[in-house]
Number of protein chains: 2
Amino acid sequence: MIKIADVARAAQVSPSTVSRALTKPDLVAPETRERVLQAARQLGYQPNKLARGLRKQQSRLLGLIVSDILAPFHATLAKGVQDAAEKHGYMVFLFNSDEQPEKEARYLQELQSHWPEGLLIVPTAKTRQHLRNLRSAGSMPIIELDRTSGTPGVHAVLVENVLGAREAVEHLISLGHRRIGMVTGEPVITTAQERLEGYRQALKAAGIALDERLVANGYHKEEGGYAATLQLLRLPAPERPTALFVGNSEMAAGAVQAIRDLGLRIPEDISLVSFDDTRWAQLMEPALTVVAQPAYEIGYLACETLVSLLRQKAPAEGRILRLKTRLLIRHSTARPRED
Amino acid sequence: MIKIADVARAAQVSPSTVSRALTKPDLVAPETRERVLQAARQLGYQPNKLARGLRKQQSRLLGLIVSDILAPFHATLAKGVQDAAEKHGYMVFLFNSDEQPEKEARYLQELQSHWPEGLLIVPTAKTRQHLRNLRSAGSMPIIELDRTSGTPGVHAVLVENVLGAREAVEHLISLGHRRIGMVTGEPVITTAQERLEGYRQALKAAGIALDERLVANGYHKEEGGYAATLQLLRLPAPERPTALFVGNSEMAAGAVQAIRDLGLRIPEDISLVSFDDTRWAQLMEPALTVVAQPAYEIGYLACETLVSLLRQKAPAEGRILRLKTRLLIRHSTARPRED
DNA sequence: TTGTAAGCGTTATCAT
DNA sequence: ATGATAACGCTTACAA
């Protein structure tokens, strides 16, 4: 690889002049500058970011840990982050915790040794203690996405989960449903808590008593959603729900399969609405009614926030941003059967 | 951040001893070693990978450029790469070229400055010349995934595209179809060429003449697939295809929508088979017949190959690995209408 | 305006 | 077995 010394030799100047010509052009005579730039171009010089980072004590690196890169929501989130990072000259190290706290801890350590200037993370159940154990955590701005770990001082970009869930359930109620089941995520995750709260609020506002048997944990995953749905729909007839609200798209995929495996039809036998819009939700028959989240915007905004935090040296106090969701009514929700 | 000097002071030894205790434990007395390790643990020491990389002239970094991170195929590919990389102690820089050669060129440069030890890439149309312009390209092993740019000396992990496409089209032919359309990707991309070739071979083997009007370019994207499908299905009745073979899942999503917008039913009015298995292909009604690719395995295997190349210093000559595809017959393909 | 020299944190070499 | 020293490539006082 070409280094500064090579360019310096070619341009007949000292290494410092090359460095200046490249990074602070106005500090060097126009004529020399031209000579240096030309030599650099000719040789195909690329500054070594390791050396530069070491010397300047800054890596221009951001860490991003999502909890499920295969889920469209997270992939889109990551794209938003990357696009924003690129705009500001940052590189992104992307990791995938798979919702496993141990993986998260490992990646956090690995990441730390690369001296990232900031961290974006979709927290898992143990993130709070992981961050507490991290030496660098105090000095580095951290932004949480989608959910929050409750770590003091961290920033977060989330959506209006309570409101979004409430609107979804109110939609079901307005269609005439009274027995509405919910497939929720793990209760330690804030999105699960908040969406459950929205479900509760909607029921309460409509004067419908909460039946704990109608709430089942799907652990954020497809298989969990399948099992939870089976459990809910196998309740004896009088208790069985006529509509289901599902906490995310992974579990919704499981729910759809469970419903089909039971030989039930959507929406004639059971209405279905879930969080997250995805391609399959649009293409399935009938198209799924969903609470759409602005995934790309969450990622982009979070990264913009992080960069602006990095610019102003003062460590701003943790702020939480909440973006709006949109209820997209399609064809998986209808009036309950009269019988 | 804690550095070696801090640990050295705490353990009452020199920095060199700390370094040795951490990386070559057998070169240091058991007793001293214990003291150092303890101090390191206590202080939460993490080696600075920038400094280490600079000194050892190796970054333990791999670059990965995919062409569409939002497509499940690429996301899965990336996961395979990351899992394999992690196993061997490598970090992965993930980029997304969006099929845009300019983006690819930018990322390649950016990547280069971070001194990756190897590169994994899903090439775009201009990758060959980009790699030629890269100073580091000669010294660094490169593996291409999914497609190949034809760059001399690079390795590649691909699938049996010709065979996979041929099986899909033969399946349609065996159902009685004679007028089979194909929505293909950009002709400069090798997967598009090979899948088209498989289509041609299947037709030829069945004694069906190739009709160029039945082949339309969908540019690998959903919108392109939509437009191409519309074009094919608007042919006058005698020429109109009774079945469609689509080159990837993005275009297939567009095809499904075009078919629906035309008020046609799958498979009664038109049979559909595409490359790539996805969740929506499984959940849509009727479930889509597809040529499934082992995306995770491609990524994992490519990364394993890269790492083994890194281990053996000798620059092995370019080898191409081809994995098998599987035709999954579901419900989107049936006999053509009799009329 | 340009050059010299020191230093970022680590490890390899050479002494001891 | 351990320590001193130099070097990786870059930037930045400071000197000229």
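Just the heavy atoms: all of them, side chains too, but no hydrogens, waters or symmetry mates, feed the values below. Here is the naming used below: chain letters follow the sequence lines, and residue numbers restart at 1 for every chain.
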> What integer distance in Å separates B/R20:CZ from D/dA1:P?
Replying inline: 10 Å
> Got a sec, which residues hit side-chain contact (heavy atoms from CB on, under 4.5 Å) with B/Y219, two or more places apart in sequence or on another chain?
Replying inline: B/E186, B/N217
>> Donor-acceptor pair, distance only, cut-off 3.5 Å: does the side chain of B/R319 make one with the backbone of B/H155?
In response: no
> What is the 5' to 3' range of DNA chain C, first to last nucleotide, that sits under 4.0 Å from any heavy atom of chain A?
Replying inline: C/dT1 to C/dG9
> Can you tell me if B/E104 and B/T127 form a side-chain donor-acceptor pair at under 3.5 Å?
Replying inline: yes
>> Testing the basics here: between A/V36 and A/A11, what is the closest heavy-atom pair and its distance to 0.1 Å?
In response: CA-CB, 4.0 Å
>> Within residues 43-62 of chain A, which residues have any heavy atom lying less than 4.0 Å from an atom of DNA chain D?
In response: A/Y45, A/P47, A/N48, A/A51, A/R52, A/R55, A/K56
> Rounded to the nearest Å, what distance is computed from the CD1 atom of residue A/I2 to the C1' atom of nucleotide D/dC10?
Replying inline: 16 Å
>> Just to verify, what does A/T190 make a side-chain contact (heavy atoms from CB on, under 4.5 Å) with, not counting sequence neighbours?
In response: A/R147, A/T148, A/Q193, A/E194
> Can you name the nearest heavy-atom pair linking B/V13 to B/R35, along with the distance?
Replying inline: CG1-NH1, 4.1 Å
>> At less than 4.0 Å, is any side-chain N or O atom of B/T17 found next to OP1 or OP2 of D/dG3? Yes or no.
In response: yes
> Between D/dA1 atom C1' and B/Q12 atom CD, what is the distance in whole Å?
Replying inline: 17 Å
> Between A/Q58 and A/R60, is any side-chain donor less than 3.5 angstrom from a side-chain acceptor?
Replying inline: yes
> So, for B/A295 and B/L77, which heavy atoms are closest and what is the spacing to 0.1 Å?
Replying inline: O-CD1, 3.4 Å
> Among all residues two or more places apart in sequence or in another chain, which pass the side-chain contact (heavy atoms from CB on, under 4.5 Å) test with B/A51?
Replying inline: A/L54, B/N48
>> Regarding A/R9 and A/D6, does a basic nitrogen lie under 4.0 Å from an acidic carboxylate oxygen?
In response: yes
> In whole angstrom, what separates B/R9's CZ from D/dG3's C1'?
Replying inline: 16 Å
>> Any residue in residues 23-36 of chain A with a heavy atom nearer than 4.0 angstrom to DNA chain D? Just list them by number, or reply none.
In response: A/T23, A/K24
> Regarding A/S14 and A/T17, is there a side-chain donor-to-acceptor distance under 3.5 Å anywhere?
Replying inline: yes
